[in-house]
Amino acid sequence: MYKLNDGREIPEIGFGTYKLKGHSGVQSIVSAINNGYRMLDTAYNYENEGTVGQAIAESSVKRSDLFVTSKLPGRYYQYDDAITALQESLYRAHLDYFDLYLLHWPNPKKGMYPEAWRALIDARKFGLVKSIGVCNFLPEYLEKLQNDTGILPAINQIELHPFFNEAKMRKYDADNGIITMDWSPLGRGSSVMSDPTLNELAAKYNKSVGQIILRWEYQLKTIPIPKSSKTSRQKENLDIFDFKISDADMSQINLLTKADGRVHDQDPAEYEEF
């Protein structure tokens, strides 16, 4: 477990639920919980908070033993809209609270993220959420939150994988007491999994390429949130704590990063999502 800057604890790895919906989605998420995942990551815009809630209800694990994350979409960044949308998310999931609630994108051209952040600060006071954070925030946006409210996020969830290792952003987060969480930790839709260096390391450590990547992210002290609907892959993605990648091999992986390594070119300074 990692300790957040608000004093709460969070698991070192989570389970992504993007595109897991309906009955099959419930089955996949129940499988993940039964296989040992204790953190579930969803979002209002994933349109599956109900699926996640149903999976929690059908699992054999107590709600208090799970860490559930969701995210506020940019169209609801006005204060009252943010509180209402958060309440709606909880109703959909049949939950009394989220363990972590995030602003999904900064959308800097609209400039509404400071107001939405104030809503999250109050939502925490109201007991709707336990911890608050952001996704895809650059240093200048984090500084704006600090200057406006005096409160920095507990988490900054960003795109992070071997082709885009976000070294500068990770350092900024760490220097400011913010834990980095990784979306697309296995480089969804890219050629990461077929990279020769990663395949050589997988053979060396007798692990899969996915396990090498997730262990690399764990050793970077970030939190990956891989997704898989397959039980065998879910178990494999959790099985990363019985080996250690050497410093030299960590450096090899770090050298794979590319300036244009984003999977879908979603630069938070330009890309917006509502």
Side-chain angles (χ1 to χ4, degrees), residues 10-11 13-77 81-105 107 116 120 123 128-136 155 157-159 181-189 223-235 237-238 263-264 266 271-274:
I10 186 171
I13 188 169
F15 184 74
T17 68
Y18 180 58
K19 291 189 176 180
L20 297 179
K21 296 183 180 182
H23 180 65
S24 63
V26 170
Q27 288 183 311
S28 294
I29 298 166
V30 169
S31 170
I33 295 171
N34 290 341
N35 284 329
Y37 291 89
R38 292 297 177 263
M39 178 166 56
L40 307 174
D41 179 86
T42 182
Y44 195 107
N45 273 355
Y46 296 174
E47 299 179 340
N48 72 346
E49 290 165 319
T51 296
V52 171
Q54 183 63 29
I56 292 170
E58 291 187 16
S59 81
S60 58
V61 175
K62 293 188 298 183
R63 165 67 184 97
S64 58
D65 291 334
L66 295 171
F67 193 103
V68 186
T69 299
S70 195
K71 311 178 189 80
L72 180 72
R75 62 187 177 278
Y76 296 133
Y77 277 12
D81 291 345
I83 298 296
T84 300
L86 170 50
Q87 291 170 328
E88 179 63 27
S89 287
L90 290 169
Y91 296 154
R92 291 178 181 184
H94 292 284
L95 298 176
D96 294 327
Y97 65 91
F98 286 119
D99 296 274
L100 176 65
Y101 201 64
L102 310 172
L103 301 183
H104 207 155
W105 285 88
N107 301 329
L120 263 59
L128 300 174
V129 300
K130 302 290 187 181
S131 296
I132 54 176
V134 297
C135 302
N136 308 298
I155 291 283
Q157 187 183 120
I158 59 177
E159 179 176 357
M181 185 179 285
D182 318 336
W183 63 262
S184 274
L186 299 176
R188 176 191 64 198
I223 301 176
I225 44 172
K227 182 198 81 173
S228 179
S229 58
K230 296 180 180 178
T231 295
S232 59
R233 187 63 56 78
Q234 291 172 357
K235 291 179 179 177
N237 288 343
L238 273 182
V263 173
H264 296 299
Q266 293 170 308
Y271 177 83
E272 297 193 305
E273 186 173 298
F274 298 96

Just how far is it from atom [atom1] of [X] to atom [atom2] of [Y], taken to the nearest 0.5 Å?
X      : Y      : atom1 : atom2 : value
Asp182 : Ile158 : CG    : CD1   : 7.0 Å
His94  : Ile56  : NE2   : CD1   : 11.5 Å
Phe67  : Met39  : CZ    : CE    : 6.5 Å
Gln157 : Ser184 : CD    : OG    : 9.5 Å
Ser28  : Lys227 : OG    : NZ    : 9.0 Å

Looking only at non-hydrogen atoms, find the nearest pair between [X] and [Y] and report the distance.
X      : Y      : result
Ala116 : Leu103 : CB-CD2, 3.6 Å
Pro73  : Asn45  : CB-OD1, 3.4 Å
Leu238 : Gly36  : CD1-C, 3.8 Å
Val263 : Gly187 : CG2-C, 4.1 Å
Ala43  : Asn48  : O-OD1, 4.2 Å
Ser60  : Asn34  : OG-OD1, 3.8 Å

If you count every heavy atom of other residues, nucleotides or ligands that lies below 6.0 Å from [X] atom [atom1], does the total exceed 12?
X      : atom1 : result
His23  : NE2   : no
Arg233 : CZ    : no
Tyr91  : OH    : no

Open item on the list: Taking ring pair (Phe, Tyr, Trp, His ring centres under 6.0 Å) as the definition, give me every residue that meets it alongside Tyr76, ordered by chain and number, with sequence neighbours left out.
Closed with: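 Counting only residues at least two positions away or on another chain, Tyr76 forms a ring pair (Phe, Tyr, Trp, His ring centres under 6.0 Å) with Tyr44.
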Open item on the list: Once ring pair (Phe, Tyr, Trp, His ring centres under 6.0 Å) is applied, do any residues pair with Tyr271, and if so which ones, sequence neighbours excluded?
Closed with: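 Tyr271 satisfies ring pair (Phe, Tyr, Trp, His ring centres under 6.0 Å) with Trp105 only.
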Please answer whether the main-chain N or O of [Y] pairs with a side-chain N or O of [X] as donor and acceptor at a distance below 3.5 Å.
X      : Y     : value
Ser31  : Gln27 : no
Lys130 : Tyr97 : no
Thr84  : Asp81 : no

Taking C-beta and beyond as the side chain, do [X] and [Y] meet within less than 4.5 Å on heavy atoms?
X     : Y      : result
Leu20 : Ser229 : yes
Phe15 : Asn237 : no
Lys21 : Tyr46  : no

Open item on the list: Just to verify, which of Leu40, Thr69, Leu95 counts as forming a side-chain contact (heavy atoms from CB on, under 4.5 Å) with Val52?
Closed with: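 Of the listed residues Leu40, Thr69, Leu95, the side-chain contact (heavy atoms from CB on, under 4.5 Å) partner of Val52 is Leu40.
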Open item on the list: Consider side-chain contact (heavy atoms from CB on, under 4.5 Å). Of Leu128, Leu86, Ile132, which one does Phe98 pass it with?
Closed with: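 With Phe98 as partner, side-chain contact (heavy atoms from CB on, under 4.5 Å) holds for just one option, Leu86.
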Report the residues that fulfil salt bridge (Lys or Arg N to Asp or Glu O under 4.0 Å) with [X], sequence neighbours left out, ordered by chain and then residue number.
X      : value
Lys235 : none
Glu273 : none
Asp41  : Lys71

Open item on the list: Using the rule given for side chain to side chain contact (heavy atoms under 4.5 Å, CB included), can you reason through Leu100 versus Met181, listing the C-alpha separation, both sets of side-chain angles and the distance that settles it, and then say yes or no?
Closed with: CA-CA 12 Å; Leu100 176 65; Met181 185 179 285; 4.2 Å; yes
Task: Pairs flagged by salt bridge (Lys or Arg N to Asp or Glu O under 4.0 Å) wherever residues 92-105 is involved - sequence neighbours left out - done: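 Passing the test, one end in residues 92-105: Arg8-Asp99, Glu49-Arg92, Arg63-Asp99, Glu88-Arg92.
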TODO: With side chain to side chain contact (heavy atoms under 4.5 Å, CB included) as the test, would you mind laying out the steps for Thr51 and Thr17 before giving the verdict?
DONE: CA-CA 9 Å; Thr51 296; Thr17 68; over 6 Å; no
Open item on the list: Please determine whether side chain to side chain contact (heavy atoms under 4.5 Å, CB included) holds for the pair Ile33 and Arg38, giving the CA-CA distance in whole Å, both sets of side-chain angles, and the decisive distance to 0.1 Å.
Closed with: CA-CA 6 Å; Ile33 295 171; Arg38 292 297 177 263; 3.8 Å; yes
Open item on the list: Between Val129 and Leu120, is the side chain to side chain contact (heavy atoms under 4.5 Å, CB included) condition met? List the steps.
Closed with: CA-CA 8 Å; Val129 300; Leu120 263 59; 5.8 Å; no
